[in-house]
Enquirer: 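The following block contains the structure, expressed as structure tokens.
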Amino acid sequence: MAKPLKILIVEDQFVEANHLRLMLKKAGHSIIGMARSVADAKYYIAQQKPELVLLDIFLSGKETGIDLAEVLKDDNIPFIYLSANSNEEVLSKAKLTHPYGFLVKPFREKDLLITIEIAEYHQEHGIESTIRKELLFQKQLKTIVTKNGTWDDRVLTIVTALQSLISFDLVMAIFYINNKLSNRVLGYSRTGLHEYQKIGIEELQNITALKESEINELRNKSKVETEATFYNDQDFIKICDKTPIKKMIANSMNMKSNLMLPVPLSLNENGGLYLSFFSRQSSNYNKNHLRLCERLQEPLIYAIENLISHDKKLDQKNNSATNDDSPRNTKVTGFESIVGKSPILLKLFDHILQVAPADTTVLITGESGTGKESIAHSIQHLSNRKEQPFIKINCSALPPSLIESELFGHEKGAFTGASERRIGKFEQAHNGTLFLDEIGDMPLEMQAKLLRAIQEKEIERVGGNLPIKVNVRIIAATNCNLEKEVADGRFRLDLYYRLNVFPIQLPPLRERKEDIGLLARHFIAVYSAKTGKNVTEIAESALKSLLSYQWPGNIRELENLIERSVLLAKTETIEHIPLPAFDEIKINNNSNEWYFKTIQENEREHIINVLEKCNGRIRGSGGASEILGLPPTTLASRMQKLGIKRSHF
């Protein structure tokens with residue numbers, strides 16, 4: 001039972017708002033008001049700050065619930081969306097505001113109360129996590145200033161410690177001494193998980209093809225913000241037009257957003273250090289970062305002033321150690337099975353490092369073949385349970401009649417054929433991690449039993465009558481859109497929010513094309529060793545064909561193609577990749593425009609081609625499921641969703 005909360009209901013339908021009010025009062029919560037519009041809601045918030053807002057998306061007046069959500073985010077007020085509309089476009093816009101939950105009308109009392117409980121959990125643990133990370137950062141700062149080392153090395157240590165609080169692809173340190181811009185140019189570009197490339201004046205010359213005098217001229221023409229501020233999307237483009245040095249960085253290094261963190265120094269009345277963080281994502285920074293900057297100023301001032309006291313010659317070049325501009329690398333285990341250094345993947349690694357040490361439930365989502373199981377293994381390996389069991393169950397590979405027995409086990413004689421006691425996956429994973437793969441395919445009737453096991457932390461074997469306590473960390477994965485499954489009545493809302501405590505969305509391969517070359521060479525090395533062939537490289541033309549392909553099967557499809565290419569290669573270099581012979585580009589007859597087929601169209605065509613070659617056979621050796629690398633039940637489910645009927649073959 002969640003603790004009593006002060007709740008504001010923002011709903012323009014009085015009957016529904018009053019129904020919510022009665023359910024909430026019955027559960028012990030207090031209602032500070034029922035608002036019909038954004039303006040009404042702002043009035044109530046000004047009178048008494050709520051601890052939670054239940055927020056309808058469509059309201060009376062011009063402004064929507066999504067508009068109010070931005071205000072609530074800025075005020076750090078948690079909110080849950082209410083809506084009868086399951087339109088995917090609306091859901092996508094709503095998700096961008098990071099709600100603490102989503103309730104679909106009509107509301108059930110149980111769903112409402114569980115969603116509020118989970119929202120409260122998110123709020124408390126989110127704040128705890130933030131405080132914990134900031135305290136750890138401050139502790140690291142105190143250690144940094146006592147260590148020996150060059151100025152550059154110690155600045156690098158500070159900015160890498162900041163990565164857990166402020167994600168960035170590039171950070172530039174701007175020094176002002178006696179109100180004058182220092183000649184020192186120091187920055188670091190992120191090149192790997194814990195790898196950073198030093199960016200000095202020489203590196204900027206190489207990157208931009210400009211002379212040192214031209215770069216300094218751009219720097220002198222650029223005004224530095226003296227207050228914490230951020231720029232996303234169009235605001236970033238506008239500030240780049242006004243600030244030549246930012247425009248140079250944006251154009252030459254593909255940066256799309258920026259956060260400024262000033263660190264004024266009391267030792268130099270007219271001086272200071274200004275940290276300028278850049279990201280290749282267009283909306284990477286928000287108002288929470290500004291509040292974070294305010295909290296970080298004092299510990300950073302302390303650290304920088306202590307560094308200066310150990311290094312009086314701030315404007316002089318450091319010794320030869322500082323001329324080492326090779327990438328800095330701190331080896332971190334746990335990601336050995338994941339190949340890539342794209343910004344989107346590095347940010348994913350940061351999230352994994354954040355959640356792995358906790359016992360928080362994780363939901364991994366993404367298309368088939370994106371590596372969800374590898375991510376689950378990394379979380380387990382980086383957790384405090386790494387020495388304990390890691391048990392996997394594929395929820396789509398078992399018929400409904402066997403799932404309960406697989407999960408919870410059964411007693412001897414529990415049903416026909418149960419000749420002995422069986423220990424289920426939950427008991428096998430005791431003190432360890434249970435990975436529920438393809439959770440979206442779990443039958444509806446089993447979802448309630450799974451929810452109870454997760455909530456109560458106890459199970460009963462089939463045919464048994466004694467509860468068995470289990471200590472299990474849950475990691476779930478799915479390629480389904482669970483929100484749509486919930487809206488369509490195929491997945492329980494309360495289970496969705498129990499699993500979705502810390503969501504991790506894996507990007508499809510087409511969104512991280514920078515990693516395709518690394519992945520291709522990795523698989524070449526793996527399958528060359530397996531087959532005993534001396535294949536070591538891939539031709540430029542073959543690599544270009546990989547980069548132009550849309551990868552509906554993601555990393556799994558790339559791996560299969562590279563394995564086939566290694567087998568077919570006649571020299572040390574792969575000259576050609578046997579990509580699927582799809583007519584991937586169509587002509588729109590109405591407008592004569594070219595456009596790519598959708599992922600679903602490519603997937604449907606691919607499955608149909610394989611089924612035709614197998615004469616419609618799904619199971620067994622040489623069947624479609626074996627060729628496609630999918631369990632038969634998953635393939636059957638995919639065929640149903642894509643409208644493919646076996647009778648056609």
Enquirer: According to salt bridge (charged side-chain N to carboxylate O under 4.0 Å, His left out), does anything in residues 535-550 pair up with another residue at least two apart or in another chain? List the pairs.
Expert: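 Salt bridge (charged side-chain N to carboxylate O under 4.0 Å, His left out) check on residues 535-550 returns Arg521-Glu537.
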Enquirer: What are the two closest heavy atoms between Gly340 and Phe349, and how far apart are they?
Expert: O-CE1, 4.3 Å
Enquirer: For the residue pair Phe230 and Lys287, establish whether any side-chain heavy-atom pair is separated by less than 4.5 Å.
Expert: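 SC-SC contact between Phe230 and Lys287 confirmed.
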Enquirer: Looking at residues at least two apart in the chain, or sitting in another chain, which of them share a side chain to side chain contact (heavy atoms under 4.5 Å, CB included) with Asn286?
Expert: Asn288, His289
Enquirer: With sequence neighbours left out, what residues match Phe278 under ring-ring contact (aromatic ring centres under 6.0 Å, His included)?
Expert: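 With neighbours one apart ignored, the set is empty.
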Enquirer: Measure the CG-CD1 distance between Asp437 and Ile475 for me, rounded to the nearest 0.5 Å.
Expert: 11.0 Å
Enquirer: Going by side chain to side chain contact (heavy atoms under 4.5 Å, CB included), Phe523 matches just one of Ile555, Val566, Ile538. Which one?
Expert: Ile555
Enquirer: What closest approach, in Å, do Ser282 and Asn232 show between heavy atoms, and which atom pair accounts for it?
Expert: O-CB, 3.3 Å
Enquirer: Using every non-hydrogen atom in the two residues, find where Thr361 and Val501 come nearest and quote the distance to one decimal.
Expert: O-CB, 3.6 Å
Enquirer: Which atom names give the shortest non-hydrogen contact between Asp515 and Ser342, and what distance separates them?
Expert: OD2-OG, 2.6 Å
Enquirer: Ignoring hydrogens, what is the shortest heavy-atom contact between Asn254 and Lys256? Give both atom names and the distance.
Expert: OD1-CE, 3.7 Å
Enquirer: Under the side chain to side chain contact (heavy atoms under 4.5 Å, CB included) rule, collect the residues that match up with Glu445, sequence neighbours excluded.
Expert: Pro400, Pro443
Enquirer: Applying side-chain contact (heavy atoms from CB on, under 4.5 Å), run through Ile379 and Arg473 and close with a yes or a no.
Expert: CA-CA 11 Å; Ile379 293 170; Arg473 192 217 187 134; 3.9 Å; yes
Enquirer: Mind checking whether Glu485 and Thr478 have side chains closer than 4.5 Å, heavy atoms only?
Expert: no
Enquirer: If only side-chain N and O atoms count, and only distance matters, is there a donor-acceptor pair under 3.5 Å linking Asn554 with Ser368?
Expert: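 There is no such pair (donor and acceptor under 3.5 Å, judged by atom type) between the side chains of Ser368 and Asn554.
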Enquirer: ring-ring contact (aromatic ring centres under 6.0 Å, His included): which pairs involve residues 611-642, sequence neighbours left out?
Expert: none
Enquirer: For the side chain of Arg190 and the backbone of Gly192, is there at least one donor-acceptor N/O pair under 3.5 Å apart?
Expert: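 Yes, Arg190 side chain to Gly192 backbone: donor-acceptor pair under 3.5 Å.
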Enquirer: Working to the nearest 0.5 Å, report the span between CD of Gln447 and SG of Cys395.
Expert: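 Here the interatomic distance stands at 9.5 Å.
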Enquirer: For side-chain contact (heavy atoms from CB on, under 4.5 Å), just list the numbers for Ile454 and Leu499, CA-CA rounded to whole Å, side-chain angles, deciding distance to a tenth of an Å, and then say yes or no.
Expert: CA-CA 9 Å; Ile454 295 172; Leu499 297 173; 3.9 Å; yes
Enquirer: For side-chain contact (heavy atoms from CB on, under 4.5 Å), just list the numbers for Leu450 and Phe426, CA-CA rounded to whole Å, side-chain angles, deciding distance to a tenth of an Å, and then say yes or no.
Expert: CA-CA 10 Å; Leu450 174 62; Phe426 263 90; 3.8 Å; yes
Enquirer: Would you give me the side-chain donor-acceptor pairs under 3.5 Å for residues 96-103, sequence neighbours excluded?
Expert:
| from | atom 1 | to | atom 2 | distance (Å) |
| --- | --- | --- | --- | --- |
| Thr97 | OG1 | Tyr81 | OH | 2.8 |
| Thr97 | OG1 | Ala94 | O | 2.6 |
| Tyr100 | OH | Gln123 | OE1 | 2.6 |

Enquirer: List for me each residue that meets salt bridge (Lys or Arg N to Asp or Glu O under 4.0 Å) alongside Glu572, sequence neighbours excluded, and say none if there are none.
Expert: none
Enquirer: Within the 4.5 Å heavy-atom criterion, are Leu348 and Phe335 side-chain neighbours or not?
Expert: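 No, every pair of side-chain atoms sits at 4.5 Å or beyond.
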Enquirer: With a 4.5 Å cut-off on side-chain heavy atoms, are Ser167 and Asn284 touching?
Expert: yes
Enquirer: Can you name the side chain to side chain contact (heavy atoms under 4.5 Å, CB included) partners of Pro343, sequence neighbours left out?
Expert: Asp169, Arg280, Glu514
Enquirer: CG of Leu72 to CG of Asp67: how many Å apart, nearest 0.5 Å?
Expert: 11.0 Å
Enquirer: Checking Ile166 against Tyr285 for the side-chain contact (heavy atoms from CB on, under 4.5 Å) test, could you report, in this order, the C-alpha distance in whole Å, the side-chain angles of both residues, the deciding distance, and whether it holds?
Expert: CA-CA 8 Å; Ile166 302 171; Tyr285 304 111; 3.8 Å; yes
Enquirer: Identify, with sequence neighbours excluded, every residue that meets salt bridge (Lys or Arg N to Asp or Glu O under 4.0 Å) alongside Arg556.
Expert: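 Salt bridge (Lys or Arg N to Asp or Glu O under 4.0 Å) check on Arg556 returns nothing, list empty.
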Enquirer: What is the distance from atom OG1 of Thr160 to atom CZ of Phe168, rounded to the nearest 0.5 Å?
Expert: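 Output value for this atom pair is 7.5 Å.
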Enquirer: Under a plain distance cut-off of 3.5 Å, with no hydrogens placed, do Gln163 and Tyr196 share a side-chain donor-acceptor pair?
Expert: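 Gln163 and Tyr196 do have a side-chain donor-acceptor pair below 3.5 Å.
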Enquirer: Would you say His606 and Pro552 make side-chain contact, with heavy atoms under 4.5 Å?
Expert: no
Enquirer: Would a 4.5 Å heavy-atom cut-off, applied to side chains only, mark Ile618 and Leu611 as touching?
Expert: yes
Enquirer: If you round to the nearest 0.5 Å, how far is CG of Leu434 from CG of Leu436?
Expert: 4.5 Å
Enquirer: Using a 6.0 Å cut-off, check whether atom NZ of Lys73 has over 12 heavy atoms from anything other than its own residue.
Expert: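 Enclosed.
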Enquirer: Examine distances only and state if a side-chain atom of Asp494 and a backbone atom of Asp111 form a donor-acceptor pair shorter than 3.5 Å.
Expert: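 No.
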Enquirer: Side-chain contact test, heavy atoms from C-beta onward, threshold under 4.5 Å: evaluate it for Leu444 versus Arg492 and give yes or no.
Expert: yes
Enquirer: Measure across Phe390 and Ala376 and return the closest heavy-atom pair with its distance rounded to 0.1 Å.
Expert: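 Scanning both residues, the minimum pair turns out to be CE1-O, 3.8 Å.
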Enquirer: Tell me every residue that passes salt bridge (Lys or Arg N to Asp or Glu O under 4.0 Å) with Lys246, counting only those two or more places apart in sequence or in another chain.
Expert: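 Partners of Lys246 by the salt bridge (Lys or Arg N to Asp or Glu O under 4.0 Å) criterion, ordered by chain and then number, come out as Glu225.
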Enquirer: Can you find a heavy atom in the side chain of His522 that is under 4.5 Å from one in the side chain of Ile562?
Expert: no
Enquirer: Is the backbone N or O of Gln281 less than 3.5 Å from a side-chain atom of Ser257, with the two atoms forming a donor-acceptor pair by type?
Expert: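 Answer holds: yes.
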Enquirer: Report the residues that fulfil salt bridge (Lys or Arg N to Asp or Glu O under 4.0 Å) with Glu559, sequence neighbours left out, ordered by chain and then residue number.
Expert: none
Enquirer: Under the rule for side chain to side chain contact (heavy atoms under 4.5 Å, CB included), what residues qualify as partners of Thr208, not counting sequence neighbours?
Expert: Leu210, Ile215, Met248, Ser252
Enquirer: Check whether any side-chain N or O of Lys513 sits under 3.5 Å from a backbone N or O of Leu547 as a donor-acceptor pair, and report yes or no.
Expert: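 Indeed, once roles are kept as given, a pair shorter than 3.5 Å links the two residues.
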Enquirer: Would you confirm whether Trp551, through its side chain, and Leu546, through its main-chain N or O, come within 3.5 Å as a donor-acceptor pair?
Expert: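 Side chain of Trp551 to backbone of Leu546: a pair is present.
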